[in-house]
Amino acid sequence: MGYFRSGMLVLSVCAFIGAAYAEEKDITVPRVPGDQRAAAKAMKNPIAKTPENIAKGKAIFEGKGTCFNCHGLSGKGDGPAGAILNPTPRNFTNPKFHKLRTDGEMFWVIKNGSAGTGMVPLIGTAVTEEEAWYAITYERTFDGKQ
Ligand code: HEC
C-alpha cells in the first residue's frame with residue numbers, strides 16, 4: 001500500500017511537471033506521413049471564405065465539433081481540456097502555422113489525428129467531412145488577416 005501511495009505521488013508530481021513544461025510540438029514538422037502528403041496537400045477546401053461560412057465554422061468550432069475545448073475560444077490552444085495536454089493543442093493565432101500547412105493537410109489531421117498527441121480523429125465522431133472544412137475555414141481567421 002505504501003508503495004502504491006508513493007507511486008501515485010511520483011505519478012502526480014510527474015503529471016504536474018509535465019503540465020508545467022507542456023509545449024507545442026515543433027510546427028515545422030509535417031504531421032501527414034510522407035507517402036500521403038502530396039495527396040493531402042492537393043485536397044481543396046470546398047467552402048468559400050464568406051462571412052456566412054466563417055460563422056458556420058465558428059458554430060462548429062465552438063459547438064458540436066468540441067474544438068474549443070482544447071484549442072480555446074481564442075484559438076490559442078488554451079482551452080480547458082487543452083491545459084492538461086502535452087504537446088499542447090495548436091495555437092491558430094500563430095501566423096507561421098498558417099504558412100506551413102495547406103487546408104488539405106489540416107483536413108488530413110482532423111480525419112486521421114496527429115499520432116502521439118491529444119488530437120484524435122474527429123471526422124466520423126464529432127464532425128462530418130463537410131463540417132471539418134467549415135471548421136478549417138474558421139480556424140484560418142485566427143491568423144488576424146480576416
Ligand atoms: C482533445 C483535444 C482536442 C480537440 C477536441 C481538438 N483538437 Fe485539434 N489539436 C489538438 C492537439 C493536442 C493538437 C496538436 C497536435 C500536434 O502538435 O501534432 C491539435 C492540432 C490541430 C490541428 C493542426 C494540425 C497540424 O497540421 O499541425 C488542426 C488543424 C486541428 N487540431 C483541428 C481541430 C478541429 C477542427 C477540431 C474540432 C473539430 C479539433 N482540432 C479538436 C487537440 C485537440
Side-chain angles (χ1 to χ4, degrees), residues 7-146:
M8 287 306 284
L9 180 68
V10 170
L11 270 180
S12 7
V13 169
C14 289
F16 177 74
I17 293 172
Y21 287 96
E23 54 179 300
E24 209 175 10
K25 197 173 140 191
D26 187 357
I27 56 171
T28 62
V29 179
R31 299 300 191 255
V32 182
D35 59 340
Q36 297 176 58
R37 207 172 302 139
K41 284 191 173 193
M43 277 192 281
K44 292 267 173 287
N45 188 341
I47 308 302
K49 231 178 195 180
T50 62
E52 294 76 27
N53 289 344
I54 289 170
K56 271 194 194 176
K58 184 177 197 280
I60 292 159
F61 185 93
E62 295 180 356
K64 72 169 289 215
T66 71
C67 322
F68 75 98
N69 274 329
C70 294
H71 292 281
L73 290 173
S74 67
K76 287 189 186 135
D78 57 356
I84 55 160
L85 294 177
N86 192 4
T88 56
R90 185 66 63 256
N91 172 7
F92 295 121
T93 67
N94 179 358
K96 275 191 204 142
F97 168 73
H98 295 280
K99 289 205 190 93
L100 287 165
R101 295 282 194 284
T102 65
D103 283 15
E105 286 176 287
M106 287 166 76
F107 182 89
W108 189 97
V109 167
I110 302 167
K111 187 166 189 171
N112 301 284
S114 178
T117 78
M119 184 64 202
V120 295
L122 290 171
I123 291 176
T125 51
V127 290
T128 63
E129 293 203 345
E130 192 186 34
E131 286 166 343
W133 288 120
Y134 275 105
I136 292 167
T137 304
Y138 177 60
E139 284 172 349
R140 288 297 193 193
T141 67
F142 287 119
D143 70 355
K145 287 185 191 146
Q146 279 77 22

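What you see is a predicted model; the values in this text were computed from it and never measured. Side chains are part of it too, since the values below use all heavy atoms of this structure and drop only hydrogens, waters and symmetry mates. Residues take their numbers from the sequence shown, with the count starting at 1. Both ligands and their constituent atoms are indexed starting at 1 by order of listing.
In this structure, Trp108 has no heavy atom closer than 4.0 Å to ligand 1. Heavy-atom separations between Ala126 and ligand 1 are all 4.0 Å or longer. Contact annotation: Arg31 has at least one heavy atom less than 4.0 Å from an atom of ligand 1. Ligand 1 has at least one atom lying under 4.0 Å from a heavy atom of Thr88. Contact between Phe92 and ligand 1 is present, with at least one heavy atom of the residue lying under 4.0 Å from the ligand.
The contact set between ligand 1 and Ala135, taken as ligand atoms under 4.0 Å from a residue heavy atom, comprises 35 (C). Listed by number with element, the atoms of ligand 1 under 4.0 angstrom from any heavy atom of Met106 are 29 (C). Which parts of ligand 1 touch Pro87 is read off a 4.0 Å heavy-atom cut-off, strictly below it: atoms 12 (C). Those atoms of ligand 1 with a heavy atom of Lys25 less than 4.0 angstrom away are 17 (O). Near Thr66, with a cut-off below 4.0 Å to any heavy atom, the atoms of ligand 1 are 5 (C). Shown in contact with Gly65 at under 4.0 Å from a heavy atom are these atoms of ligand 1, numbered in order with element: 37 (C), 38 (C).
When atom types are taken as modelled, the side chain of Ser114 and the backbone of Thr117 share no donor-acceptor pair closer than 3.5 angstrom. Not one N or O on the side chain of Asn69 forms a donor-acceptor pair closer than 3.5 Å with the backbone of Ala81. In this structure, Asn112 contributes its side chain and Trp108 its backbone to a donor-acceptor pair below 3.5 Å. At distances below 3.5 Å, not a single donor-acceptor pair connects side-chain atoms of Thr88 with backbone N or O atoms of Ala22. For Gln36 (side chain) and Pro33 (main-chain N/O), no donor-acceptor pair under 3.5 Å exists by modelled atom type. Formation of a donor-acceptor pair under 3.5 Å by the His71 side chain with backbone atoms of Arg90 is found in this model.
Of the heavy atoms in Glu139, only side-chain atoms (C-beta onward) come closer than 4.0 Å to ligand 1. With a 4.0 Å cut-off on non-hydrogen atoms, Phe97 touches ligand 1 through its side chain and not its backbone. Neither the backbone nor the side chain of Ile136 comes within contact range of ligand 1; no heavy atom lies under 4.0 Å.
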### Task
Could you please spell out the steps behind the salt bridge (charged side-chain N to carboxylate O under 4.0 Å, His left out) verdict for Lys58 and Glu62?
CA-CA 6 Å; Lys58 184 177 197 280; Glu62 295 180 356; 3.3 Å; yes
### Task
Given side-chain hydrogen bond (donor to acceptor under 3.5 Å, both in side chains), test Asp143 with Thr93 step by step and report yes or no.
CA-CA 5 Å; Asp143 70 355; Thr93 67; over 6 Å; no
### Task
Under the side chain to side chain contact (heavy atoms under 4.5 Å, CB included) rule, what do Thr66 and Phe61 come out as? Steps first, then yes or no, please.
CA-CA 6 Å; Thr66 71; Phe61 185 93; over 6 Å; no
### Query
Can you list the steps and then say if Ile60 with Tyr138 is a side chain to side chain contact (heavy atoms under 4.5 Å, CB included)?
CA-CA 9 Å; Ile60 292 159; Tyr138 177 60; over 6 Å; no
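Arg31 pairs with exactly one of Met106, Arg37, Lys25 by the side chain to side chain contact (heavy atoms under 4.5 Å, CB included) rule, that one being Lys25.
For atom 26 (O) of ligand 1, the nearest protein heavy atom (residue, atom name, distance) is Arg101 NE, 2.5 Å. Protein heavy atom closest to atom 15 (C) of ligand 1, with residue, atom name and distance, is Thr117 OG1, 3.5 Å.
Residues Ala48 and Asn53 come closest through the heavy atom pair O-ND2, 2.9 Å.
A salt bridge between Lys56 and Glu131 is absent, with no side-chain N of the basic residue lying under 4.0 Å from a carboxylate O of the acidic one. A salt bridge links Asp103 with Arg140; the closest basic N to acidic carboxylate O contact falls under 4.0 Å.
For atom 8 (Fe) of ligand 1, protein N, O or S atoms closer than 2.8 Å were enumerated as His71 NE2, Met119 SD, with waters left out.
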